[in-house]
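Below is one structure, written out as structure tokens; the observations come after it.
Position 1 is the first residue of the sequence, and the numbers go up from there. Below, all heavy atoms of this structure are taken into account, side chains as well, without hydrogens, waters or symmetry copies.
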Amino acid sequence: MPNDILADISISKISYLSGEEFCVKLIFDVTPVALTEEIDVWVYLQKVERGRNIFAFAFGDMFSCIGNNLEVKRKLPQEFSCGLYLINEITLRLSENGIPTKQHRVVFDPVFFVVQTTLENPLTKPTLAHMIAKAEAERHAYINHEIQTDKSRQTGSQKKRFSVLVFGEGCLLHSHQQLEGYVIIPLGLGMSHRRMHEIVNSTLLDLNLEPLRFDLEMEKRFESDTPAFLVLYQAVVAVNNNDAMDYCRSHAALVFELISLDRGQKPHEFACLVFDLDSTQRWLKYQQPSYKGYLNPDFDPVSTANLIERHVPKLQTNPFLQLLIKTYADATAEDNLGFALLRFWSVMELLADKYVPKGIELKNPDGSQIVNAKGKPEKTDSKHGRVYYYISTYVNYNQTIGYSLEGVQKQYSIGPYSSHLNPEFTQLPEQFSLWDMIRAGYAVRNAIAHEGQFDLTKAALGNVYDRLATKLIESGTRDPHRCIRRLAELSLKRELDKT
């Protein structure tokens with residue numbers, strides 16, 4: 001840690017042009033050891049922006065030292081933009097024979113100055129004080145910005161104010177990150193492995209094996225490997241506590257995605273706490289890992305073991321299979337249905353690109369030709385064409401799906417039927433051709449890939465398959481996401497089962 005040294009600081013004037021010489025003077029109460037040895041002096045300039053101070057420039061050459069005084073000079077870069085700046089950090093770095101040995105941090109009150117385009121109207125101290133006060137007011141408004149949920153903007157009913165805390169783990173942050181209306185705070189704490197230790201010991205006792213002692217060193221390592229932080233939304237206007245929680249959790253999820261880009265790993269939410277700012281009420285939700293897979297027991301209790309034993313050796317020697325199963329597994333863990341569909345489709349597309357050549361004309365099961373909107377033959381030149389050919393040729397998908405409508409059990413089928421789709425969709429049919437369902441799924445896939453979402457309002461005005469996908473999703477029972485997932489599963493299993 002650097003040692004602190006007190007000093008008074010001054011600059012030659014309060015306004016500069018870009019490219020002009022900039023001079024900083026430091027006056028120490030006593031001559032620090034650093035000034036009598038080989039040193040580097042570094043001055044850091046930051047630009048004052050509405051949300052935060054942004055690093056602008058650092059320099060440390062052309063300094064002179066007389067007694068307790070130190071002076072550093074440097075020309076400002078020509079590309080320096082106009083605005084309010086400050087100096088709030090200076091360090092003295094000691095070295096011997098070019099090797100750094102120690103560092104001192106100079107402690108002083110921040111010094112403000114302005115970079116202008118012209119000095120025809122020199123800046124006065126009152127004007128500078130006004131600029132500083134304005135910047136402080138803007139910063140205060142930025143920090144205390146009131147966040148409104150989408151529902152609260154749309155409703156005319158009475159609204160409430162909340163404070164929302166979203167806790168994350170799995171990302172090491174070194175400083176507060178202030179944003180508009182919320183702040184990310186590193187907590188300096190990590191998770192405990194105590195419950196996992198208890199599970200291990202409970203299992204060992206069941207196996208008549210000696211339990212393990214609780215290792216404090218392992219606990220420390222576990223804590224350091226699971227750093228926690230807080231996303232604090234100080235003032236949220238929402239319809240109710242659930243609205244406030246849902247909005248902030250969704251917003252924090254986007255923050256977590258971006259943190260993975262900046263810090264090298266995506267963190268995960270583990271808790272969310274909501275406070276009513278006008279009462280003592282509060283609501284807490286822990287985000288434990290949740291299982292979303294099959295709940296029914298296997299007809300064959302050893303099927304999972306057989307699956308693993310049969311396929312792990314193949315995966316170990318086949319990178320393409322690894323890519324397929326990784327893509328499929330990531331899709332099953334994805335909460336966003338649209339993003340999941342994109343990954344499920346990728347499984348089929350990877351296989352179709354590998355096994356289906358271009359130029360083949362597509363047929364209905366009865367042998368009739370499939371044509372596009374212009375009446376021309378559909379071919380395997382397109383992505384959806386290759387996927388259709390792959391599924392219809394190798395997978396032979398056929399499924400009857402049951403659902404309940406107003407208490408009445410109904411069903412619809414997807415399979416080897418010719419396409420007789422009503423473009424107006426006055427009524428959804430009970431039988432869908434594989435071609436129509438793949439095209440509906442591809443319409444969703446394209447919207448997700450190009451725009452990040454399938455906009456039902458926009459798609460309702462699109463082509464026949466955009467409209468079909470819209471109607472299927474709105475029906476609540478025939479969502480193409482389900483069909484595409486099943487097609488991907490069957491395609492992957494076929495590839496795994498190949499010898």
Side-chain angles (χ1 to χ4, degrees), residues 2-28 31-32 34-35 37-95 98 100 102-140 142-143 174-179 262:
N3 297 320
D4 292 347
I5 302 175
L6 294 174
D8 291 327
I9 179 174
S10 65
I11 55 178
S12 54
K13 51 185 181 177
I14 59 175
S15 62
Y16 295 84
L17 293 171
S18 58
E20 190 175 3
E21 185 175 76
F22 187 82
C23 179
V24 180
K25 294 181 180 180
L26 297 174
I27 303 174
F28 301 94
T31 305
L35 299 185
E37 303 179 19
E38 184 180 353
I39 65 169
D40 289 322
V41 183
W42 284 94
V43 180
Y44 297 88
L45 308 183
Q46 293 187 321
K47 187 174 184 183
V48 179
E49 301 282 7
R50 174 170 172 263
R52 61 195 63 86
N53 299 331
I54 307 297
F55 171 78
F57 188 54
F59 60 92
D61 50 5
M62 297 178 63
F63 69 88
S64 60
C65 179
I66 302 175
N68 295 350
N69 298 345
L70 185 144
E71 187 177 279
V72 188
K73 295 180 180 180
R74 178 64 184 266
K75 284 189 176 183
L76 296 176
Q78 290 288 347
E79 64 274 11
F80 241 41
S81 60
C82 298
L84 181 64
Y85 290 80
L86 83 160
I87 308 171
N88 64 354
E89 183 180 355
I90 296 177
T91 59
L92 308 178
R93 301 176 186 176
L94 281 67
S95 61
K102 197 173 184 180
Q103 180 171 300
H104 293 285
R105 180 172 51 204
V106 182
V107 179
F108 55 92
D109 292 331
V111 175
F112 292 87
F113 65 96
V114 173
V115 173
Q116 298 177 279
T117 55
T118 175
L119 292 183
E120 292 178 1
N121 298 311
L123 192 72
T124 63
K125 288 186 177 181
T127 304
L128 176 60
H130 175 74
M131 293 179 68
I132 295 172
K134 181 181 178 183
E136 290 175 346
E138 290 179 347
R139 183 71 56 84
H140 182 270
Y142 179 86
I143 292 172
H174 298 281
S175 61
H176 284 50
Q177 307 293 315
Q178 181 64 60
L179 296 111
D262 184 55

Is it the case that the side chain of [X] and the backbone of [Y] share a donor-acceptor pair, with hydrogens and angles ignored and the cut-off at 3.5 Å?
| X | Y | answer |
| --- | --- | --- |
| Arg105 | Thr91 | no |
| Arg52 | Gln178 | yes |
| Glu89 | Ile87 | no |

Would you name the heavy atoms of [X] and [Y] that are closest together and state the gap between them?
| X | Y | result |
| --- | --- | --- |
| Phe108 | Ala7 | CB-O, 3.5 Å |
| Pro77 | Ser18 | O-CB, 3.4 Å |
| Glu71 | Cys23 | CG-SG, 3.4 Å |

Is the shortest heavy-atom distance from the side chain of [X] to the side chain of [Y] under 4.5 Å?
| X | Y | result |
| --- | --- | --- |
| Val115 | Lys47 | no |
| Leu45 | Phe113 | yes |
| Leu128 | Leu84 | yes |
| Asn53 | Arg139 | yes |

Would you give the length of the straight line joining atom [atom1] of [X] to atom [atom2] of [Y], rounded to the nearest 0.5 angstrom?
| X | Y | atom1 | atom2 | answer |
| --- | --- | --- | --- | --- |
| Tyr142 | Glu49 | OH | CD | 10.5 Å |
| Lys73 | Lys25 | NZ | NZ | 8.0 Å |
| Lys125 | Ser15 | NZ | OG | 12.0 Å |
| His130 | Leu123 | NE2 | CG | 11.0 Å |
| Ile27 | Leu6 | CD1 | CG | 13.5 Å |
| Asp8 | Phe28 | CG | CZ | 10.0 Å |

For Lys134, the salt bridge (charged side-chain N to carboxylate O under 4.0 Å, His left out) test, sequence neighbours excluded, returns none

Between Gln177 and Ser175, is a side-chain hydrogen bond (donor to acceptor under 3.5 Å, both in side chains) present by the stated rule, with each step listed?
-> CA-CA 6 Å; Gln177 307 293 315; Ser175 61; 3.2 Å; yes

Decide if the gap between the ring center of Tyr16 and the ring center of Tyr85 is smaller than 6.0 angstrom.
-> no

Residues in ring pair (Phe, Tyr, Trp, His ring centres under 6.0 Å) contact with Phe57, at least two apart in sequence or another chain | Phe59

List for me each residue that meets side-chain hydrogen bond (donor to acceptor under 3.5 Å, both in side chains) alongside His174, sequence neighbours excluded, and say none if there are none.
-> none

